[in-house]
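The structure displayed is predicted, hence computed values, not measured ones.
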Amino acid sequence: MSKFRIVQIISNSGSDDRKSHWIIQSKNFWGWKEIQNTEGPSSKSVEHQTYEDAEKHLLKTYTGHGECVRSGNEYRYTPYTYYM
């Protein structure tokens, strides 16, 4: 089972010109970690302008043949197993 969540990041939260974006985090043994796009030795944060865009990216990229259960902003994905 894999766990993901979508989090809103608000920069300059105390001022009038604040901006926000959404990121996807995955859970591992040590806690939540932001999903990043890694190309070679560098990595870049994957940011989305809306919650819906982040959710579409999460479902398209990190889920496949299985069951995804949403609870608030947390998604639990369990892949189907096929035994022969």
Side-chain angles (χ1 to χ4, degrees):
M1 178 174 65
S2 302
K3 288 186 179 182
F4 301 96
R5 71 179 178 185
I6 300 174
V7 178
Q8 183 179 22
I9 305 296
I10 302 171
S11 58
N12 294 332
S13 61
S15 66
D16 293 335
D17 63 340
R18 62 181 170 263
K19 296 180 182 177
S20 68
H21 60 274
W22 300 84
I23 62 168
I24 301 170
Q25 295 179 335
S26 64
K27 179 139 185 179
N28 59 21
F29 181 75
W30 294 280
W32 293 98
K33 182 179 177 187
E34 181 180 351
I35 291 179
Q36 297 186 344
N37 186 9
T38 304
E39 293 181 10
S42 64
S43 61
K44 183 174 120 179
S45 216
V46 180
E47 300 175 355
H48 303 278
Q49 296 302 316
T50 64
Y51 184 91
E52 290 78 19
D53 290 342
E55 184 178 43
K56 286 179 188 176
H57 180 75
L58 168 73
L59 295 175
K60 180 181 174 188
T61 308
Y62 301 105
T63 63
H65 297 285
E67 180 179 56
C68 188
V69 178
R70 177 182 174 190
S71 176
N73 69 336
E74 188 175 305
Y75 297 78
R76 290 188 314 265
Y77 172 68
T78 306
Y80 294 142
T81 56
Y82 300 100
Y83 293 106
M84 299 222 172

Any idea which heavy atoms bring [X] and [Y] closest together, and the distance?
X	Y	answer
Gln36	Ser43	OE1-OG, 3.0 Å
Asn73	Tyr51	CA-OH, 3.8 Å
Lys3	Trp32	O-CZ3, 3.9 Å
Trp22	Gln49	CD1-O, 3.5 Å
Ser20	Gln8	OG-NE2, 3.2 Å
Gln25	Glu34	CG-CA, 4.0 Å

Same cluster or not: Ile6 versus Ile35, using hydrophobic residues (I, L, V, M, F, W, Y) connected whenever any side-chain heavy atoms lie under 4.5 Å apart?
yes
Centroid separation under 6.0 Å, is that true for the rings of Tyr62 and Tyr77?
no
Any residue meeting ring-ring contact (aromatic ring centres under 6.0 Å, His included) with His21, in chain and number order, not counting sequence neighbours
none
Would you give the length of the straight line joining atom [atom1] of [X] to atom [atom2] of [Y], rounded to the nearest 0.5 angstrom?
X	Y	atom1	atom2	answer
His65	Thr81	NE2	OG1	13.5 Å
Asn28	Lys33	CG	NZ	7.0 Å
Arg76	Lys27	CZ	NZ	11.5 Å

Could you name each residue pair satisfying salt bridge (Lys or Arg N to Asp or Glu O under 4.0 Å) that touches residues 53-71, not counting sequence neighbours?
Glu55-Arg70
